[in-house]
Structures are given as C-alpha cells and as structure tokens.
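These notes are about the structure you will find just below.
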Amino acid sequence: MQHTMDKLKAAILIVSDTASQDPASDKTANALAPILAAEGNGGTGFAVKDNTPEAVSPLIHRHAPGLVHGMIAASLKVTPFAMMARPVAGVRDKSLIITLPGSPKGAIENLEAVVKLLPHACLQSAGANSRNMHAAGVQSLEAEAGISSGANSAPLSHRPSHCSHHHGPGHVAPKAHTSSNRPQSNDPAAGPGRRYRSSPYPMLSVEEALLQISEHTPEPTVIEIPVNTAIVGSVLAEDVFAAESVPAYKASIVDGYAVIAPDSTNGAPSTKGVFPVASITHANVGGSLKPLQPGTIARITTGAPLPPNANAVVMVEDTDLVSTTPDGTEEATIEILTGDIKPGENVREPGSDVRLGSKILSRGDIISPVGGEVGLLASTGISTVKVFKKPTVGVLSTGDELVEHDDPRTLTGGQIRDSNRPSLLSCLSSWGFPTVDLGIARDTPASELEHALRDSLRGVGRATSSVDVIVTTGGVSMGELDLLKPTIERNLGGTIHFGRVSMKPGKPTTFATVPFKEAGSGAVQQERKSKLIFSLPGNPASALVTLNLFVLPSLHKLIGLGESSQALSTKPWLAPQLGLPRVAVVLTHHFPLDPKRTEYHRAVVTASRSDGRLYATSTGVEGVGQRSSRVGSLASANALVVLRRGRGVGIKGEIVEALMMGGVYGSDTRLIC
Ligand SMILES: Nc1nc2c(c(=O)[nH]1)N[C@H]1C(S)=C(S)[C@@H](COP(=O)(O)OP(=O)(O)OC[C@H]3O[C@@H](n4cnc5c(N)ncnc54)[C@H](O)[C@@H]3O)O[C@H]1N2
Ligand code: MOO
Ligand SMILES: [Mg+2]
C-alpha cells in the first residue's frame, strides 16, 4: 500500500502470516493510512516468528534510536507489555524505515508518537539542508507534506504546496537555526492560515523533562571566594585541608586548676590535698608560661593553655579555698577534694579537634546555613575556598495586560497585577540565588520581548550584569500573542528542548538553551556557552509550581550539588538530592485525581507527634481550590503532593509521594474524619 502526500511518499509493509494468506484480514494498513503510514508493520514482538527487527536491521544504514525510544515510551504509557516491543528505525539511502507492532491500536500509538517528526526526518534523510528547513519553519514543511495528527490540522488547501525533497527557492535565508529533529514554533508573521491548531511540541512526562534539563544544564563554573557569610549555600569545588591545628596548644576544657596528675611514669602524688597556687593562666594569655613545679597547681580558665608539666585540670567545683595572699587579692593555697584525677582529664591535646593538614571538608559539600562548615573553615585558618559559582537568575514577566503590583492606579479593562515576578523572585532569593528583576516585556511590539531577553543575556538595561538563567512567565501556550517559543527559536537562535509537559498545573512549561558568546578580554574570545531559559506558564500557580519543580534542580546542578566526592560515595546518605526533597505522606482526606495529567497538588504537610508520620492536607480541593490561576493555593503550602493521573480520587489514608517546598511543623494532625 502506498500513499503520496505532496512530495513525501509513504509505504506500509504488513508482516503477517495471516494477512499474507488473506489480505482482507488485515486491519492495520487501513488504520494507519489516515495518519499517513509508512514503514514495516508487525512481527516485532518476542514470539518465535517475530523476526521483523532481524530482517530489517541489516537494511538500515543509519539507526534512529531516538524514534525507537519515542515509540516505546509512548506505548509504555498504555501498557507495561511495551517493554517487550523490539522496534527498529533508521535510514536506508534516502528512505526512513520504521517498524510498528502488528496490532492496529499499538501501531497507531507508535506512529502517533513520532508522526510529527517524520516529515523533518524524511526531508533530512533525503538530503535537505537543516538550516534552511528551520529558517522556513518546520511547521510549514509538515503542513505542506500534509502530515498532522488528525482533526486539529488546518485543511491542506490553506497551505502552499511547494515542498520537495530539496528546499525550494521560496525559502528564506536562516536567521537562526536549532538542532535538527525538533518541532518549531509558530511564525508570528505567518497569519491565521499557518497558525498551529495543535501544539507541535511532544508532551513529555515530568521525568523526561527533568532528564532534558539535566542534560542541557552546563557544568558548574569554579570560582575562589573569601570565607564569610556570603558563602552559605555554595558547594565546595575542592577538598579543603586544615591550615592550622585546633587547638594549636594543650588547652583546658574547664575553669579550675592545672595539676600534675599521677601516672605510672611521673611518680606524682595524689591530687587530693592542699597545694600552693603557683600561677594564673587566662584564655588569652600571651608569651611563654612558666613550667608547673611538682607539688604546686596553677589557676586556669576554660580554653587557656596548660603550663608545661601540667597534664590535667581539676574543676573549680572540686576544690576549696584555704588561704589568700597577704593583701587578700589572690588565692594562696587551695584544697583539692578529689584524688580521682587522671592525666589528660579536662584537657584538649593540640590538634585533637582538627589535625593540621587533615581533610576537613570535601568537594561537593554544601556550606549550610547551620554554620558548621563556615565555623570549621574559620577555625582552621582558611580564608578563601574554591566553590561553584552561583548562577544569577533573571525574572521577566511577559504580557500586555500586566501592571506593576504596586501601581496605585485602579485596574481597567483586562489589566491584572504582575504577581509572578515578586513571587518568583522571593522564592529564588529564599533559595540563596542572586536575582535580577527584568521587569515586564509587552507582547506588542513583539520586538520588546526579544530585546528584553537579549539585554538580560548581555547584561545591559535592567540586568547590570549578565544573567546565567532567565525565567520568564506567560506567553508559552497556544495564543497568537504567546511569543516566547518563536522568539527563542527564530530570533535568538535558541533550541527548545521541550515545550509541553504532562503535568497539572504547568502543561506548557518550556525549556530552552540559547547560544551565547561572552565578550572576550582583549583579543581572546571566551568559549561559546549556552544560557538557559525557563519559560514558565503565565498562570501564577503554574509558574510557582514549575519554578520549584524544574528550575530548582537545574540551579542545584549549576551550583555543583550533583558533584560527587569521595566522602559522598562512602556516605551515600549525604548525597545531595537535586531539587525538592521527596517524602512519603499520608493523605488526610480524599484528593481528586486528574484523568490525564500528573497533578502537583498544593498541600500542607505536618509531622504527627503521636505516630511520627507526615500527613498532607490540601490547600483547597473544593471548587477552584487548585486552579492554576489561584496562586493562593500556594499561600500556606509547604508541599506538592504528587498525584499520578487516574480516575476517581486519591483515598484518605493512602500513602503518596510529596515534594517538600518548606519546613515541616509538628502537630497532632490525624486523619480528618
Ligand atoms: N488552546 C489552549 N489554551 C491554553 C492551553 C492549551 O493547551 N491550549 N493551555 C492552558 C494552560 S494549561 C496554561 S497554564 C496557560 C498558559 O498560558 P501562557 O503561558 O501562554 O500565559 P498567558 O497566556 O500569557 O497568561 C495566562 C494567564 O496568566 C496570567 N498571567 C500572565 N502573566 C502573569 C503575571 N506575571 N502575574 C500574574 N498573572 C499572570 C494571564 O493574565 C492569564 O490569565 O494557557 C492555557 N491556555
Ligand atoms: O497546565 Mo496549566 O498550568 O494547568 O493551567
Ligand atoms: Mg497564553
């Protein structure tokens, strides 16, 4: 069976014992034909007679594991049996070959998973220049090829039809290019007939999206900074060794009297008895101390150095004053009431807290706000350390309707207050990242958005220094003024790694990288780096949830939290987790499930004092409680309860996963009846 769609030809080969004997029994070819149809079909399972992969593989010149992965991933969402599928895909000469499963349903699922990429893949395998394809807009190639996923596509008659395996003369020179095999966004100038009516971006699972982020987040940069409060939240890029011993001398642990305690070697008498006080040693003593003579003791304060010969300290509580000096200003003799003092008692030996040259912190360790790491560095004479640079994050709101949140004027028409910028900036600052408020970019003229993004990458305008990561909100869905995707791809030459995620809220979340060349010092040009753009949905709850879910792990990777060290491999419980901590929580009531998307349900998690478990209560299940426009759903929330898609409800008492955004308070919360 052969289908011609404009200039792309598709052929279906049915591999089936039954159908070869009775072609009328085959349902699959007809099922695939409306989608487009190409490829071999059937015989890709585990059965003895399923030999299609073995037959097709030798024919393939260049394998396409990405297509295979895409098809299996799509089927796995429907059935675990997809793990037993063995499809192959790749290019032979100028033709693309894909093997699909034999069942009509499975074949459709697999084909639908990859269909939008096929025109691009076919044209590239046939030799088309990917730069020019992008300049012309992949969507127009798809449209011209007549390939789209069903009902949402515009009628072919609305589309120009000059597609061929070679890009036509009508195609304009590229302004920018992205890597191949990706769908491309609307061309805002193209007019209503060329607008997408279904998103060209594949719907990724949250896990797949996180993988993309991890893959495209650059390796952290190392800088050397002074040890002070500003290093809190930084991750060490080097093992750190003590520059000094702590203590540097033999120090007293208590206030009392330095003594020579008896042991088998020194023949000293018992410490019990009356002794003359030979000297007084305070913690800040300077210069050299006189050695303690046998039969005498020295008054000493906590932390002060013991005089030479002294080997133990008796607490002042274990002594009595016997006599004072004639002028009455000092102690003359003291009675020690205990004879049970051993050498070393109440004494810190030099280097016993930290040995000179010992490893005190490891590469990958985070400098916590608790203060332990800063204290350790400070106590051992470390004045600077190498850490991974914290990225600077710029936050830009987009939309003609936005008004500054503190604008005193009354709102008119469709105006709304920009709540995303203050809420996202607060959240980022609380995580310890330097931020830049990039203001609001209007949708019209469209160039305003491009300029705002370019300026912030370069560090001009509102961004006094260039930002490493840009977080935008708004303008990523299907509206004609949703300009983020086209601006990133067409004007900035960026690559969109994903443009839709199967989650609620946050479906149109977009992640992109844009190439960026740092201005070189003198003749030396810096290497070309990528900067990250997270374009989050405009709905306020969606923006904040996706900031937590997607931006945080990337920032964590950028500050080196993913860096492993020897210490971490031997102490896996210390291995830092990228992104929000995950815990198991008990639902205190029924939570409704979304049939299509995993929901990140805003909730308050408390720790029960009675049974030690964590309990989750929604910030609002009734009515509009969890609506994406309702940022109030996050107002008291400290957790996102992960509710996998499904029918009905998450049941009261059920244990599910939650991502902790904030601290947990103790309470006696039990299941609400
Ligand atoms: N035809 C479709 N429409 C929509 C879809 C879809 O799949 N097909 N997805 C919906 C989903 S889900 C979301 S989420 C939103 C995302 O919208 P955008 O990212 O394009 O954002 P806007 O259109 O610019 O605004 C949406 C909404 O949010 C308000 N907003 C925007 N910025 C701010 C801000 N800084 N502070 C407060 N509120 C803001 C804006 O006024 C709108 O009400 O798209 C759905 N549509
Ligand atoms: O996916 Mo949207 O964020 O639900 O409104
Ligand atoms: Mg929109």
Is it the case that atom CZ in R627 sees more than 12 heavy atoms from other parts of the structure closer than 6.0 Å?
no

Taking atom OG of S205 and atom CG of L210, what is their separation to the nearest 0.5 Å?
8.5 Å

Set out, in order, the CA-CA distance, both residues' side-chain angles and the distance that settles side chain to side chain donor-acceptor pair (under 3.5 Å) for H216 and S530, then state yes or no.
CA-CA 9 Å; H216 295 286; S530 281; over 6 Å; no

Is there any salt bridge (charged side-chain N to carboxylate O under 4.0 Å, His left out) pair reaching into residues 208-223, and which pairs are they, with sequence neighbours excluded?
E219-K557

Is a donor from one side chain sitting under 3.5 angstrom from an acceptor on the other, for S618 and H601?
yes

Looking just at side-chain N and O atoms, do E450 and S447 make a donor-acceptor pair shorter than 3.5 Å?
no

Would you check if the side chain of Q626 reaches a backbone N or O of R602 as a donor-acceptor pair within less than 3.5 Å?
yes

Between the main-chain N or O of I488 and the side-chain N or O of R490, is there a donor-acceptor pair closer than 3.5 Å?
no

Would you mind writing out the side-chain donor-acceptor pairs for residues 469-481 within the sub-3.5 Å range, not counting sequence neighbours?
residue	atom	partner	partner atom	Å
T472	OG1	S535	OG	2.9
T473	OG1	N420	ND2	3.2

Are side-chain N/O atoms of S466 and K531 paired as donor and acceptor at under 3.5 Å?
yes

Side chain S199, main chain Y201, donor-acceptor under 3.5 Å:
yes

Check for a donor-acceptor pair, side chain of R417 on one end and backbone N or O of D407 on the other, with a separation under 3.5 Å.
yes

What I want to check is whether the side chains of H405 and S419 have a donor and an acceptor closer together than 3.5 Å.
no

Does any donor atom in the side chain of K485 or T510 lie under 3.5 Å from an acceptor atom in the other side chain?
yes

Charged N to carboxylate O under 4.0 angstrom, R645 versus D594?
no

Which pair of heavy atoms, one from L558 and one from P220, lies closest together, and at what distance?
O-CB, 3.1 Å

Would you mind listing every salt bridge (charged side-chain N to carboxylate O under 4.0 Å, His left out) that reaches into residues 384-393, with sequence neighbours excluded?
K389-D468

Around atom NZ of K596, are there more than 12 heavy atoms of other residues, nucleotides or ligands at under 6.0 Å?
no

Any side-chain donor near an acceptor of the partner, N110 and S75, under 3.5 Å:
yes

